[in-house]
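None of these values were measured; they are calculated from a predicted model.
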Amino acid sequence: MTNTDARPSISRMSDPAAFVPEVDDISAALFRATGNRSVPRTTINLVHLRAGQIVRNTYLTILNTGFLRKAGQSEERITAVSSWQDAPYFTDAERAALALVEATLQPAAHGEERVSDELYAEVAKHYDEKALATLTIAIGQINFFIALAVIGKPQPVASLADVQWD
């Protein structure tokens, strides 16, 4: 594939779906599962952006920033995701979701659970059972893409319509 904007290639691998076409089915199923409207798509994208920041992956941060911009989110909200704890731009439900993805992706202190009972209770205050299951799947979804992104290192894109893999 030709890189049309003259950026040097940074992808480490070709599109995995070219070799394992089931990846597209998995991806589509995850998007359907998280698209049931029990959790706002904006919240899912905020969670996915925070996950990309935690694992320090340019592909995921640019992609989810693009999704949030397309959804009309302010630059202040998008920029403040990295410091959401003291930013005034997020609802209590969004804060609970951001805390949940952080707890899931970051190591816990020795002897502590990543997701404490207190955190689970806080998240459950804002999300009913279906929404909590959806949010959990959304975190699993980004973990699926984290592996592809940090290992394969696709081209940063603002839209899934852009060329991601060399």
query: What distance separates I54 CD1 from T61 OG1, expressed to the nearest 0.5 Å?
result: 12.0 Å
H48 and Q141, any side-chain heavy atoms less than 4.5 Å apart: yes
Main-chain N/O of E113 paired to S116 side chain as donor or acceptor, under 3.5 Å: no
task: Heavy atoms only: give me the nearest A103-V115 pair and the separation to one decimal.
output: CB-CG2, 4.1 Å
- prompt: Can you hop from V123 to V81 via hydrophobic side chains spaced under 4.5 Å?
  reply: no
query: Partners of Y59 by side-chain hydrogen bond (donor to acceptor under 3.5 Å, both in side chains), sequence neighbours excluded?
result: Q164
task: Consider only side-chain N and O atoms of T34 and R41, and report whether a donor and an acceptor are under 3.5 Å apart.
output: yes
message: Check this for me: Y120, atom OH, are more than 12 non-hydrogen atoms of other residues, nucleotides or ligands nearer than 6.0 Å?
response: no
- request: Treat each ILVMFWY residue as a node, draw an edge where side-chain heavy atoms are under 4.5 Å apart, and state whether I137 and L98 are in one component.
  value: no
field: R69 (side chain) donor-acceptor with E75 (main chain) under 3.5 angstrom
entry: no
- request: Check whether any side-chain heavy atom of L100 lies under 4.5 Å from a side-chain heavy atom of Y127, and answer yes or no.
  value: no
query: Can you name the nearest heavy-atom pair linking V101 to A51, along with the distance?
result: CG2-CB, 4.0 Å
statement: Tightest non-hydrogen contact, residues A124 and L132, listed as CB-CD2, 4.4 Å
- request: Could you tell me the separation between the CD atom of E122 and the CG atom of D92, rounded to the nearest 0.5 Å?
  value: 7.0 Å
- prompt: Any chain of hydrophobic side-chain contacts (each under 4.5 Å) joining I44 to I142?
  reply: yes
query: Is a side-chain donor or acceptor of R77 paired with a backbone partner of Y89 at a separation under 3.5 angstrom?
result: yes
- request: Would you name the heavy atoms of S38 and K130 that are closest together and state the gap between them?
  value: OG-O, 3.8 Å
task: Taking the side chain as every heavy atom from C-beta outward, state whether V23 and F144 have any atom pair closer than 4.5 Å.
output: yes
Side chain to side chain contact (heavy atoms under 4.5 Å, CB included) evaluation trace for L105 with N143: CA-CA 9 Å; L105 289 176; N143 275 297; 3.1 Å; yes
message: Looking at R114 and T104, would you say the former's side chain and the latter's main chain have a donor-acceptor pair under 3.5 Å?
response: yes
- line: Value for CZ (F145) from CG (L30), rounded to nearest 0.5 Å, stands at 6.0 Å
statement: Heavy-atom closest pair (L148 atom, P16 atom, distance to 0.1 Å) is CD2-CG, 3.8 Å
message: With rounding to the nearest 0.5 angstrom, report the CD to CD1 distance, Q155 to I62.
response: 10.0 Å
task: Write down the atom of A71, the atom of T42, and the distance for their closest heavy-atom approach.
output: CB-OG1, 4.4 Å
task: Spell out, yes or no, whether L46 and L63 are grouped together once hydrophobic residues are joined by side-chain heavy atoms under 4.5 Å, including indirect joins.
output: no
I139 side, atom CD1; R50 side, atom CZ - distance, nearest 0.5 Å: 12.5 Å
query: More than 12 foreign heavy atoms under 6.0 Å from CD of E129: is that the case here?
result: no
- request: With rounding to the nearest 0.5 Å, note down the distance linking CG in N45 to CD in Q73.
  value: 8.5 Å
query: Transitively linked via ILVMFWY side-chain contacts under 4.5 Å: I146 with L135?
result: yes
